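Following: one structure in structure tokens, then a few remarks.
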Amino acid sequence: QLAEEAEVMQRRLVAADKLITGLSSEKERWAVELEELKAMRVRLLGDCLLGAAFLSYTCAFNFEFRQRMVHNDWLQDLKLKTVPVSEPFSLQSLLTSDVEIAQWGSEG
């Protein structure tokens, strides 16, 4: 019976070692992702400002005028005032996700 318990404990130790080794590689990935999230948080102010302005003020205009208004006027003004904004700025990536766009495509 003692030998069986020792064998069970040995298997548990091996499994725990594999888990710890696997998580150590995840730690590196999480550290990189954390830095990306910190950078995104800084740019969030400008991105949300542009997104809110777009949703509030540009509905009545055609696509070309909206593009000019967002990218040539507002975006350049924010850069001039040193408000952090994502480069390149994309309303689509701010307001949707790849999963949502794929779902729209599958729904037709």
Side-chain angles (χ1 to χ4, degrees):
Q1 180 183 7
L2 189 58
E4 288 177 17
E5 287 181 23
E7 187 179 322
V8 168
M9 288 298 177
Q10 184 63 33
R11 284 196 306 256
R12 286 182 182 166
L13 280 173
V14 169
D17 185 52
K18 287 180 182 178
L19 179 62
I20 290 170
T21 303
L23 288 177
S24 67
S25 67
E26 285 296 301
K27 180 182 176 186
E28 295 170 11
R29 187 180 63 82
W30 290 337
V32 169
E33 192 169 323
L34 179 63
E35 292 305 314
E36 291 173 5
L37 288 172
K38 285 179 182 177
M40 283 176 56
R41 185 177 70 181
V42 170
R43 296 186 308 262
L44 191 59
L45 173 69
D47 291 353
C48 287
L49 183 60
L50 275 174
F54 175 82
L55 293 173
S56 299
Y57 298 111
T58 64
C59 296
F61 303 109
N62 66 23
F63 176 79
E64 291 81 17
F65 188 75
R66 286 192 305 246
Q67 287 293 99
R68 279 200 328 261
M69 192 180 303
V70 170
H71 293 283
N72 296 351
D73 298 330
W74 297 342
L75 183 59
Q76 298 310 317
D77 190 47
L78 289 179
K79 287 179 182 178
L80 186 66
K81 291 178 170 53
T82 65
V83 176
V85 181
S86 293
E87 283 292 334
F89 176 74
S90 167
L91 279 166
Q92 182 177 354
S93 64
L94 177 67
L95 299 175
T96 62
S97 67
D98 292 337
V99 173
E100 194 172 20
I101 293 170
Q103 184 179 5
W104 294 341
S106 69
E107 291 174 357

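All of these numbers come straight from a predicted model, not from anything done at the bench.
The minimum heavy-atom distance linking Gly51 with Leu94 is given by the pair CA-CD2, 3.8 Å. The shortest heavy-atom contact between Cys59 and Arg66 is O-NH1, 4.0 Å. Between Ile101 and Gln92, the shortest heavy-atom contact is CD1-NE2, 2.9 Å. Closest heavy-atom contact between Trp74 and Phe54: CZ3-N, 3.7 Å. The minimum heavy-atom distance linking Leu95 with Glu100 is given by the pair O-OE1, 4.2 Å.
Atom CD of Glu4 is surrounded by 12 or fewer heavy atoms from other residues, nucleotides or ligands within 6.0 Å. Dense packing is recorded around CZ of Arg29, with more than 12 heavy atoms of other residues, nucleotides or ligands lying under 6.0 Å away. In the displayed structure, Asn62 atom CG is contacted under 6.0 Å by more than 12 heavy atoms of other residues, nucleotides or ligands.
Side-chain atoms of Leu13 and Met9, non-hydrogen and from C-beta on, never get closer than 4.5 Å to each other. Looking at Leu37 and Arg41, their side chains never come closer than 4.5 Å, going by heavy atoms from C-beta outward.
With rounding to the nearest 0.5 Å, the separation of CE in Met69 from CD in Gln67 is 11.0 Å. Of the inter-residue distances, the one linking Leu34 atom CG with Trp30 atom CH2 reads 12.0 Å to the nearest 0.5 angstrom. The CD atom of Glu87 sits 6.5 Å away from atom CG of Leu75, with the distance rounded to the nearest 0.5 Å. Atom-to-atom distance recorded for Leu50:CG and Ser90:OG is 11.5 Å, nearest 0.5 angstrom.
Criterion: ILVMFWY side-chain heavy atoms under 4.5 Å apart, direct or through other members. Under it, Val42 and Leu49 are not part of a common hydrophobic cluster. A chain of hydrophobic side-chain contacts below 4.5 Å, direct or via other Ile, Leu, Val, Met, Phe, Trp or Tyr residues, connects Val83 to Leu91.
With sequence neighbours excluded, the residues satisfying side-chain hydrogen bond (donor to acceptor under 3.5 Å, both in side chains) with Asp77 are Lys81.
Note on Arg11 versus Glu7: salt bridge recorded, some NZ/NE/NH1/NH2 to OD/OE distance being below 4.0 Å.
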> Going through the checks in order, is the side-chain contact (heavy atoms from CB on, under 4.5 Å) test met by Phe89 and Val70?
Replying inline: CA-CA 10 Å; Phe89 176 74; Val70 170; 4.1 Å; yes
